[in-house]
Amino acid sequence: MNPVRVVVVGGGFAAVQFAKTLRSKLRASECDILLFSRENHMVFHPLLADVAGASINPDAAAAPLRQMLPGIECRTERVQKIDLSSSEIEFDDGNGALTRLHYDHVVVACGAESNLGIIPGMTDHAFAFKVMYDAVELRQQIVREMESAEATTDPDLRRWHLSFIIVGAGFSGVEVAGEINELVRSSTRFYRNFRKEDVVVSLVHSQDQILPEVAPKLREFARKKMEKAGITMLLNTRAVAATHEGVELNDGRMLKGATIVCTIGTAISPIVQSLDVPKERGRIRTAPDMRIEGQTNAWAVGDCAYIINAFDNKPAAPTGQFAERQGRQAALNLVRVLQSQPTRPFRFKALGQLCSIGGYEAVAEMLGVHVSGFLAWLMWRGVYLFKLPTWSRRIKVGLDWSWDVLFPRDLSFLNTDTTQQATHAYYRPGDFIHRQGEPARVFSVIEEGQVEVLQHDPGASETKVLAVLGKGDFFGEGALLGNRPHETSIRARSAVRLRQIGSALFSQIAGSFAPFRDLLVKTVTRSGDFWRRLPISKAILEGESIASLLDPLAPPLLTKETTFADAVSALNESATGNLLVLDEKQRLWGTLDRGDLYQIITRIAVTSAETRGDISRLKLSDLLIPNSIYVALEDSAQVASATMLDHGISWLPVVQSKDDPRPVGLLRGEKISKRMLERIGQGQPTRARVAS
Ligand SMILES: Cc1cc2nc3c(=O)[nH]c(=O)nc-3n(C[C@H](O)[C@H](O)[C@H](O)COP(=O)(O)OP(=O)(O)OC[C@H]3O[C@@H](n4cnc5c(N)ncnc54)[C@H](O)[C@@H]3O)c2cc1C
């Protein structure tokens with residue numbers, strides 16, 4: 001008889017324990033076990049904070065699956081789809097091709113993903129703390145910031161480099177805060193330009209106590225000890241946005257810091273999302289024996305599963321402790337199914353909780369006994385040493401820990417060249433992206449939002465807004481191509497998301513890709529040269545308010561929900577041919593003119609007939625790109641004309657103010673030109689200003 005084929009999807013606590021237990025119960029001739037994991041190693045999450053804090057080496061907390069699991073076929077491939085009806089999985093073979101494989105039983109153990117997207121800007125500016133790469137990157141970052149703090153002569157900048165913000169004070173947040181604090185403070189003696197007092201480690205937590213899962217006495221102990229070690233606790237406080245500068249808090253404060261670690265936010269793994277099975281808050285609901293509800297040969301264990309613990313009839317916690325027990329018991333239940341015996345419900349009494357808080361201290365709740373301080377720390381180390389998956393890891397970690405007690409932590413880091421990177425960045429309204437006079441480091445393309453281009457003339461008290469840039473526009477190219485400091489400042493008008501390319505990578509692309517370079521050169525020379533040749537016009541328009549040139553809003557005003565057919569007839573009836581599209585709060589969402597109509601039709605014409613459907617019923621929200629360019633009443637006519645010039649357009653919507661994007665009228669290029677000629681004809685009060 002052919003052996004039963006069991007496919008395990010995942011390579012974490014639950015999957016490894018499942019595969020090990022099944023192999024110990026069934027011989028290879030009875031059962032083929034194939035384990036698919038995205039990584040070729042199992043990550044021992046409880047030690048990630050130690051990796052970030054440089055008290056152990058990364059390889060000590062990552063155990064290679066094929067060495068851990070003899071007798072099991074380990075495949076480093078991502079499973080793309082599980083087809084429960086045909087009992088097949090589809091996986092990426094690493095060369096881009098998808099392969100299907102039949103199974104007799106499948107075990108879904110793919111854990112959960114981290115999700116920084118829950119707070120604006122976190123994805124761009126914070127470190128997640130879930131996989132080994134996160135911990136290794138964080139360690140690099142901590143040391144890099146210490147080196148930058150040593151190099152700078154600006155005390156504010158030094159403090160920013162030495163400020164570390166950790167969001168979330170659950171187990172992982174507390175552990176990583178403790179480790180960062182320990183690493184940075186214990187290393188200050190190797191640097192000349194800063195001391196322990198200059199280091200700021202802040203823990204931001206939305207509740208009134210850290211570690212909500214542990215007993216109140218232990219929580220209190222942990223909080224006091226961490227505060228004594230220099231960690232600032234910001235309790236009952238939520239992070240609402242992250243930027244290059246730091247974290248914005250719900251009370252409006254800006255917590256500045258170069259390093260942000262976000263330990264909150266989990267997401268359901270895509271493979272679980274794609275499964276059409278009963279779920280509870282995204283996790284797969286299982287029967288008591290851990291088979292997926294309604295399935296006979298599909299199982300779910302670990303963080304991706306919603307399993308009721310028969311011990312207390314409560315949902316099992318998403319922890320490694322539970323994941324391991326579930327993996328083990330699901331394997332035993334599968335053996336029972338194959339031997340036609342009744343299965344058993346999942347039942348487990350949690351053994352306790354352990355959390356290291358830095359400085360050779362921990363809190364522990366083991367079998368009802370509460371321990372804190374150094375003894376708890378010894379227990380923490382002992383338990384995790386024992387729980388490591390192989391003897392070689394235990395010895396490695398044991399040696400690293402002994403080294404850490406006797407010698408200082410390792411401060412070497414591999415200098416990754418940031419000028420070679422392409423990254424994202426998020427800025428809040430009012431944040432400076434770069435300032436006039438600063439050296440050019442990145443080329444930026446606006447993905448969302450608007451920025452304003454500002455110039456500060458030496459001797460002048462005011463900073464002038466020169467133009468407004470929006471989605472798809474770019475900046476930074478002039479300074480990079482000319483190898484000179486920025487001639488203007490760029491400030492976010494609304495929340496802005498940028499795609500940024502480091503200077504070295506930019507030079508490579510601009511050097512080898514001629515059309516791109518030509519486009520950049522044209523952009524650099526266009527608006528700057530124009531105004532240089534017309535200084536009088538520039539001065540006149542700077543003194544001219546937009547309000548005096550405004551055309552009132554003419555109906556109809558369209559909405560995102562307006563259909564294509566209705567938009568076409570509105571354009572036909574419109575005298576000007578320039579229409580505004582509003583969102584549900586009556587804010588400006590987009591614009592529509594005849595040129596847009598032509599582009600929409602061309603775009604639809606090249607899509608497949610299936611996608612096209614009934615064009616007339618498509619809504620503007622499906623057809624137009626939002627975030628149109630606009631100016632505000634407080635801007636000058638010069639800003640408006642520079643913006644039109646930069647974008648090659650002849651009209652612009654005008655909104656109430658930068659903070660209130662409700663439209664108040666339209667501004668046309670011809671009206672601005674007419675006003676300018678009138679002023680020139682009247683003789684120039686502004687001439688003197690230009691000459692000076
Ligand atoms: C920083 C941190 C510290 C923690 N500390 C503790 C602690 O002290 N004690 C404790 O009990 N718990 C702790 N936890 C929680 C614990 O790590 C998780 O509960 C546990 O890892 C869940 O195990 P799992 O097997 O379900 O998922 P995971 O261990 O996350 O493993 C999921 C696996 O599935 C793989 N995978 C996902 N999708 C696919 C796919 N499509 N194809 C192939 N492979 C895929 C992944 O690569 C990964 O190998 C901690 C977690 C973190 C992040």
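Order of listing sets the numbers, starting from 1, for every ligand and every atom in it.
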I want to check something: taking the side chain as every heavy atom from C-beta on, are [X] and [Y] in contact at a cut-off of under 4.5 Å?
X      : Y      : value
Asp50  : Val397 : no
Arg291 : Val337 : yes
Leu338 : His105 : yes

Classify the ring geometry of [X] against [Y]: parallel below 30°, tilted from 30° to 60°, perpendicular beyond 60°.
X      : Y      : value
Tyr360 : Trp377 : perpendicular
His244 : Trp160 : tilted
Phe348 : Phe322 : perpendicular

Nearest-neighbour protein heavy atom for [atom], which is reported as residue plus atom name and distance:
atom                    : value
atom 27 (O) of ligand 1 : Gly111 CA, 3.3 Å
atom 31 (O) of ligand 1 : Gly12 CA, 3.3 Å
atom 6 (C) of ligand 1  : Pro46 CG, 3.9 Å
atom 40 (C) of ligand 1 : Val79 N, 3.7 Å
atom 47 (O) of ligand 1 : Glu39 OE1, 2.7 Å
atom 35 (C) of ligand 1 : Gly10 CA, 3.7 Å
atom 38 (N) of ligand 1 : Cys110 CB, 3.4 Å

For atom 24 (P) of ligand 1, which candidate among Ala350, Ala14, Ala52 holds the nearest heavy atom?
Ala14
Between the candidates Gly327, Ser114, Gly320, Ser356, which shows the shortest non-hydrogen contact distance to atom 16 (C) of ligand 1?
Gly320
Between Glu220 and Gln209, do the side chains contain a donor N or O and an acceptor N or O under 3.5 Å apart?
yes
Less than 3.5 Å apart, any donor N or O on the side chain of Gln141 or Glu137 sitting next to an acceptor on the other?
no
Phe129: heavy atom below 4.0 Å from ligand 1, yes or no?
yes
Looking at ligand 1, would Glu77 count as a contact under a 4.0 Å heavy-atom criterion?
yes
N/O of [X] under 3.5 Å from N/O of ligand 1, yes or no?
X      : value
Gln321 : yes
Pro318 : yes
Asp303 : yes
Phe13  : yes
Arg38  : yes
Ser269 : no
His45  : yes

Basic-acidic side-chain contact under 4.0 Å: Arg100, Asp83:
yes
Note: Glu227-Lys224 ion pair, threshold 4.0 Å (strictly below):
no
Go through the steps for Ile82 and Val7 under the test side chain to side chain contact (heavy atoms under 4.5 Å, CB included), then give the verdict.
CA-CA 10 Å; Ile82 303 172; Val7 167; over 6 Å; no
Which atom names give the shortest non-hydrogen contact between [X] and [Y], and what distance separates them?
X     : Y      : value
Ala52 : Leu183 : O-CD2, 3.9 Å
Pro3  : Asp32  : CB-N, 4.0 Å
Gly53 : Arg409 : O-NH1, 2.7 Å

Pull out every atom of ligand 1 sitting under 4.0 Å from any heavy atom of [X], numbered as shown with elements.
X      : value
Gly302 : 26 (O)
Ser37  : 43 (C), 44 (N), 47 (O), 49 (O)
Gly11  : 33 (C), 34 (O), 35 (C), 48 (C), 49 (O)
Ala323 : 22 (C), 23 (O)
Ser172 : 1 (C), 2 (C)
Lys130 : 30 (O)

Please work out, at 4.0 Å between heavy atoms, whether the side chain, the backbone, both, or neither of Tyr384 comes within that distance of ligand 1.
side chain
So for Cys304 against ligand 1, with non-hydrogen atoms under 4.0 Å, the contacting part is neither
Check for me whether the distance between the ring centres of Phe13 and Phe44 falls short of 6.0 Å.
yes
